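Notes for the one structure printed next.
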Amino acid sequence: MSKGHRGAGIRSEVHHGRGTCPRCGKVNVKVLYEKEIDGKQAKICKVCNATLKNVARKEARAAKAAAPAAEAPATEEAQA
């Protein structure tokens, strides 16, 4: 498995991939994950990347659970 965000893969980056995360404001952390924040591409830290993924996963799960619940009453009325 590739480990592109560890050491050898980031040597060509400015300051070896370290900087300030624009999302959380942490200083001197690896900012290697490109995400769209406020309509602009920005490089964020590992923690913020995981947080955004978890939020998106929870929203998708909630939307999926809400969609069948909205359809269920309509099918029950059609059967009656």
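Only a predicted model underlies this, so the values are computations on that prediction, with no experimental measurement involved.
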Completion exercise
The reported gap from OG1 in Thr51 to NZ in Lys35 (rounded to nearest 0.5 angstrom) is 11.0 Å
Practice task
Could you tell me which residues satisfy side-chain hydrogen bond (donor to acceptor under 3.5 Å, both in side chains) with Lys30, sequence neighbours excluded, listed by chain and number?
Solution key: none
Fill in the blank from the handout: In this structure, CZ of Arg23 is separated from CG of Leu52 (nearest 0.5 Å) by 4.5 Å
Problem - Any Arg61 side-chain heavy atom under 4.5 Å of Arg57 side chain - result: yes
Problem - Nearest heavy atoms of Ile37 and Ile44, plus distance in Å - result: CD1-CG2, 3.3 Å
Completion exercise
Taken to the nearest 0.5 Å, the spacing of Leu32 CG from Ile10 CD1 works out to 5.5 Å
Fill in the blank from the handout: Nearest heavy-atom contact between Cys45 and Cys21 is N-SG, 3.5 Å
Problem - Interatomic distance, Asn49 atom CG to Asn54 atom CG [nearest 0.5 angstrom] - result: 9.5 Å
Completion exercise
One should read off an interatomic distance between Arg11 CZ and His16 NE2, to the nearest 0.5 angstrom, of 8.0 Å
Practice task
Quick one: list whatever passes side chain to side chain contact (heavy atoms under 4.5 Å, CB included) with Lys26, sequence neighbours left out.
Solution key: Cys24, Val29, Val47
